[in-house]
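What follows is a short report on a single structure.
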Protein chains: 2
Amino acid sequence: MAIRKNDEFEAIYPTLNLDGLTFLDIVDRIEQVVIQKSTQAITQGSLNNCRGTWNELAFIMEAHRSILQSTENLYLVKMGSETSIKFWEIYQKESRQKYDLLIDIFKNKQEPIFIRCSTPDFVVISRDIVRESSSSNILQNSSPPLKEINELYKVIKNKCLPYQVKGFISLKTSNRPDRRYQILVEANVAKFASRYIHESAHRLRYDIIGESNPSDREVFSAPLIFTLPRSGNNITSVERAIDSEVNIKSGQELDEYWKRYEEIIKLDREEKAVSPEEEFVNDNLDF
Amino acid sequence: MAIRKNDEFEAIYPTLNLDGLTFLDIVDRIEQVVIQKSTQAITQGSLNNCRGTWNELAFIMEAHRSILQSTENLYLVKMGSETSIKFWEIYQKESRQKYDLLIDIFKNKQEPIFIRCSTPDFVVISRDIVRESSSSNILQNSSPPLKEINELYKVIKNKCLPYQVKGFISLKTSNRPDRRYQILVEANVAKFASRYIHESAHRLRYDIIGESNPSDREVFSAPLIFTLPRSGNNITSVERAIDSEVNIKSGQELDEYWKRYEEIIKLDREEKAVSPEEEFVNDNLDF
DNA sequence: TCGCGCCGGCGCG
DNA sequence: TCGCGCCGGCGCG
């Protein structure tokens, strides 16, 4: 018998005393309750699936409060994965024409080429988009119903202008040496697409939130592959795939995170996409 | 109590009648025997770990026979992962100086950048390297001991010249939508490094062997990220990350695979790294 | 001890 | 029905 993970979260989360609990503590508590009341054995796979979702839900319930309180015009949307939303579908059709065309050219080759990646967990957008959507009053509710959280991305799909999309966030309950690479493809494709969609009007951020060890952090320090110098060329400006990789365990740490996020975005806008890593210009590899 | 997966393979594999069995059939048989003789419950994680290794071992036992029989100067080496061999360490130190230097520059930045990926399962090399190593007589043995198979990469480490490394192979017992992206990072990094190491003397291949569905195959059709046109530029020559993605289930199919492999390599050498996808030159995206 | 890379069994739309 | 993205529990060096 399947664990109804959304229903269980909705039932158990409000009964917890959240004081001093990390997001992972919350996941553990919910898991304990579900295991205790289950009348049959639960497979590891079922728990894995549930823990991932419960972590996302515990995170976004707190992030909703935190981002409204700490920032002026940002909001966070859970993206879900109903038969693969492609992340670029959140943009207005007009602004992604150029990227769509590239995708089409590749797809219509005699031997088709696809550019695919998994969907990021969350997107940070301009709050205006949600505000202007009369169908959603999620901003007025301090703890909105799960259904609204899970379906908000449908409201913003095809609606965002490039400057209204600030960045993507990936949340990881845990890492493994093999599983951690999925994120690098996501970040590389997102930032590659943003060159076509944002037209360098502003940088797109990609952040990872979760616990990681030194080895994970080395992997997450990776350069964006398409900004790497090809053999024999000078290094010009190498960007990173992941902008920040932090372990945010609770609401207080989230408040700080959003404030920093808003500041960085303002700086980006002022500097008009000047890369912080111009230092690389001086590294001549053409020997 | 841990399943001793190497010992179990060595004990059970020779007792099987392999006629008509696919590699995955062999894995299933070994699993059945191990489960039946176990006196305690075995975790899913333990089985997962073992199935991966058994599949690799069933594959290489047959590939050893097949590649010697079907080709003249190729050989296949299992790479293992003892505290992360970096794949480029199979090359002679002198030939990877340029790449090592790039890695060092990145690592010594004030905010270090690492280029990392997981180690491919197998590498296809020139048979000469193994022949010339007096310490190994693996080529004379039709079914070499596991220990020799598992440690051969130590023999060839730091010894290969660029032209002696033909390509890497990844083997997958099964795919999942999240797990399938690891391979794309591996292929992208391997081919990026090969631009520094091989100096375009010849292309490095990257193949996937395993069962995949249409969606997996779309993902595996991905372009090499660093060969993609950046917004506003003409498309010149887009390469793929994965050269072939095939489901090889048994020895007969392997024989065909190796023959094709050898042919393609000969063609590559004759054409001196001319990309087969020059057709892209005519796609002007600069609108 | 820990980093490696392994992979199945989900709940859901 | 199937594609999605979830993640723990390994055996080994």
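Numbered from 1 within each chain, the chains take letters A, B, ... in sequence-line order.
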Q: Look at the side chain of Asn55(B) and the backbone N and O of Arg51(B), then say whether any donor-acceptor pair between them is shorter than 3.5 Å.
A: no
Q: Please examine the side chains of Ile242(B) and Leu184(B), heavy atoms only from C-beta on, and report whether any two atoms are closer than 4.5 Å.
A: yes
Q: Could you please name the option among dG8(C), dG11(D), dG11(C) that lies closest to any side-chain atom of Ile3(A)?
A: dG11(C)
Q | Whether Ser194(A) side chain and Lys191(A) backbone form a donor-acceptor pair below 3.5 Å | A | yes
Q) Hey, does Asn175(B) reach any base, or is it just sugar-phosphate, or nothing, if we go heavy atoms under 4.0 Å? A) nothing
Q. Just to confirm, is there a sub-4.0 Å distance from OP1 or OP2 of dC4(D) to any side-chain nitrogen or oxygen of Thr119(A)?
A. no
Q: Ignoring backbone atoms, test whether Lys5(A) places a side-chain nitrogen or oxygen under 4.0 Å from the OP1 or OP2 oxygen of dC12(C).
A: no
Q: Assign Ser46(A) to base, sugar-phosphate, or nothing according to its heavy-atom contacts below 4.0 angstrom with the strands shown.
A: sugar-phosphate
Q | Contact nearer the 5' end of DNA chain D, comparing Pro214(B) with Asn6(B) | A | Pro214(B)
Q. Would you find more than 12 non-hydrogen atoms of other residues, nucleotides or ligands less than 6.0 Å from Glu211(A) atom CD?
A. no
Q: Quickly work out the Gln182(B) CD to dC6(C) C1' distance and round it to whole Å.
A: 9 Å
(Q) Closest-nucleotide mapping onto DNA chain C: is Arg176(A) or Glu151(A) further toward the 5' terminus? I mean the 5' end. (A) Arg176(A)
(Q) Keeping Trp54(B) on the side-chain end and Ile26(B) on the backbone end, is there a donor-acceptor pair under 3.5 Å? (A) no
Q) Taking OP1 and OP2 of dC4(D), is either one under 4.0 Å from a side-chain nitrogen or oxygen of Ser215(B)? A) yes
Q | From Ile30(A) atom CD1 to Leu57(A) atom CG, the distance as rounded to the nearest 0.5 Å | A | 8.0 Å
Q.
Categorize Thr53(B) for me: base, sugar-phosphate, or nothing, with a 4.0 angstrom heavy-atom threshold over every strand shown.
A. nothing
Q.
If I take atom CG in residue Asn150(A) and atom P in nucleotide dC12(C), what distance separates them, rounded to the nearest angstrom?
A. 10 Å
Q) Can you find a side chain N or O atom of Arg116(A) that sits less than 4.0 Å from OP1 or OP2 on dC4(D)? A) yes
Q) Do the side chain of Asn141(A) and the main chain of Ile138(A) share a donor and acceptor less than 3.5 angstrom apart? A) no
Q. Can you check whether Arg179(A) has a side-chain N or O nearer than 4.0 Å to OP1 or OP2 of dC6(D)?
A. no
Q | Between dG5(C) (P) and Tyr181(B) (OH): distance, integer Å | A | 20 Å
Q: Answer yes or no: side-chain N or O of Asp178(A) and base N or O of dC7(C) forming a donor-acceptor pair under 3.5 Å.
A: yes
Q. Roughly how many Å is it from CG in Leu171(A) to C1' in dC6(D), rounded to a whole number?
A. 11 Å
Q | Residue mapping more 5' on DNA chain D - nearest nucleotide basis, Asn55(A) or Asp216(B) | A | Asp216(B)
Q.
Rounded to whole Å, how long is the line connecting atom CD of Glu56(B) with atom P of dC7(C)?
A. 7 Å
Q) Donor-acceptor pair under 3.5 Å: do we get one between Asn49(A)'s side chain and the base of dC10(C)? A) yes
Q: Describe the nucleic acid contact of Arg4(B) in one word from base, sugar-phosphate, nothing, applying a heavy-atom distance below 4.0 Å.
A: sugar-phosphate
(Q) Tell me the interatomic distance from Arg180(A), atom CZ, to dC6(C), atom P, rounded to whole angstroms. (A) 12 Å
Q. Are any of Gln44(B)'s side-chain N or O atoms less than 4.0 Å away from OP1 or OP2 of dG9(D)?
A. no
(Q) OP1 or OP2 of dC10(C) versus the side-chain N and O atoms of Thr43(A): is any pair under 4.0 Å? (A) yes
Q: Kindly say if Lys172(B) contacts the phosphate of dG5(C), meaning a side-chain N or O under 4.0 Å from OP1 or OP2.
A: no
Q.
Once you apply a heavy-atom cut-off of 4.0 Å, does Leu47(A) come out as touching a base, just sugar-phosphate, or nothing?
A. nothing
Q.
I'd like to know if Asn213(A) reaches the base of dC2(C) with its side chain, counting only an N/O donor and acceptor under 3.5 Å.
A. no
Q) Just how far, in rounded Å, is P of dC7(D) from CD1 of Ile42(A)? A) 17 Å
Q: Check every strand shown and say whether Gly52(B) touches a base, only sugar-phosphate, or nothing at a heavy-atom separation below 4.0 Å.
A: sugar-phosphate
Q | Nearest-angstrom distance from the residue atom CG of Asn48(A) to C1' of dC6(D) | A | 7 Å
